[in-house]
Amino acid sequence: MLRMSVAAEEYLMIGDEIKLVFLGGTGNHMRIMIDAPREINIVRSRAMEKRIQDSELRAKLPRYRREEEHPEKYRKKKLSAIRDVDIV
């Protein structure tokens, strides 16, 4: 799985035919545009979950959770922490 940050109007190409365009958003909502051939089935997770009546099948659907903060190794070091270090 790939996780990345994108700016508004950036896009991702999946193969040669699928383009995901990030249009921006507000708060917890992100708007995207998907440009794909008609033969490719695109289904929103909420719609898929509503259609599946069997609880066992529904439990097998992928679940993703939001990470509140980046792991420590990806965070920028605070300038104040750098200044506090004694240089010999």
Side-chain angles (χ1 to χ4, degrees):
M1 175 177 296
L2 171 67
R3 180 179 178 199
M4 63 184 348
S5 298
V6 294
E9 298 185 16
E10 276 191 298
Y11 65 90
L12 297 174
M13 292 297 299
I14 302 173
D16 294 332
E17 297 181 339
I18 302 172
K19 183 178 188 178
L20 295 174
V21 182
F22 299 88
L23 301 174
T26 57
N28 292 331
H29 296 87
M30 173 61 71
R31 291 174 299 163
I32 62 170
M33 178 176 64
I34 304 170
D35 184 10
R38 289 184 185 267
E39 304 85 48
I40 296 178
N41 189 20
I42 300 171
V43 181
R44 188 176 181 162
S45 62
R46 192 179 320 173
M48 191 167 36
E49 289 169 2
K50 285 182 181 179
R51 289 183 195 165
I52 298 175
Q53 299 299 320
D54 184 8
S55 60
E56 288 182 20
L57 286 176
R58 192 179 301 153
K60 291 181 182 179
L61 291 174
R63 297 274 184 220
Y64 301 100
R65 61 177 171 75
R66 180 179 177 188
E67 289 185 21
E68 294 300 324
E69 295 184 17
H70 294 294
E72 185 67 34
K73 65 181 180 180
Y74 298 118
R75 293 187 202 157
K76 290 184 179 179
K77 294 182 179 172
K78 293 181 181 178
L79 190 55
S80 61
I82 296 171
R83 288 182 187 155
D84 292 341
V85 175
D86 291 331
I87 300 175
V88 183

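Just the heavy atoms: all of them, side chains too, but no hydrogens, waters or symmetry mates, feed the values below.
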Return the minimal non-hydrogen interatomic distance between [X] and [Y], and the atom names on each side.
X     : Y     : result
Pro37 : Glu17 : CG-OE1, 3.3 Å
Glu10 : Ser5  : OE1-O, 4.4 Å
Tyr11 : Phe22 : CA-CD1, 4.4 Å

TODO: To the nearest 0.5 angstrom, please state how far the CD atom of Glu9 sits from the CG atom of Leu23.
DONE: 7.5 Å

Task: Spatial distance of atom CD1 (Ile34) from atom CD1 (Ile42) [nearest 0.5 Å] - done: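 If I round to the nearest 0.5 Å, the distance is 4.5 Å.
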
Is there a path from [X] to [Y] through hydrophobic residues (I, L, V, M, F, W, Y) whose side chains come within less than 4.5 Å of each other?
X     : Y     : value
Ile32 : Met4  : yes
Ile18 : Leu12 : yes
Val43 : Ile52 : yes

- [ ] For residues Leu20 and Ile14, determine if any side-chain heavy atom of one lies less than 4.5 Å from a side-chain heavy atom of the other.
- [x]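 They are in contact (side-chain heavy atoms under 4.5 Å apart), so the answer is yes.
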
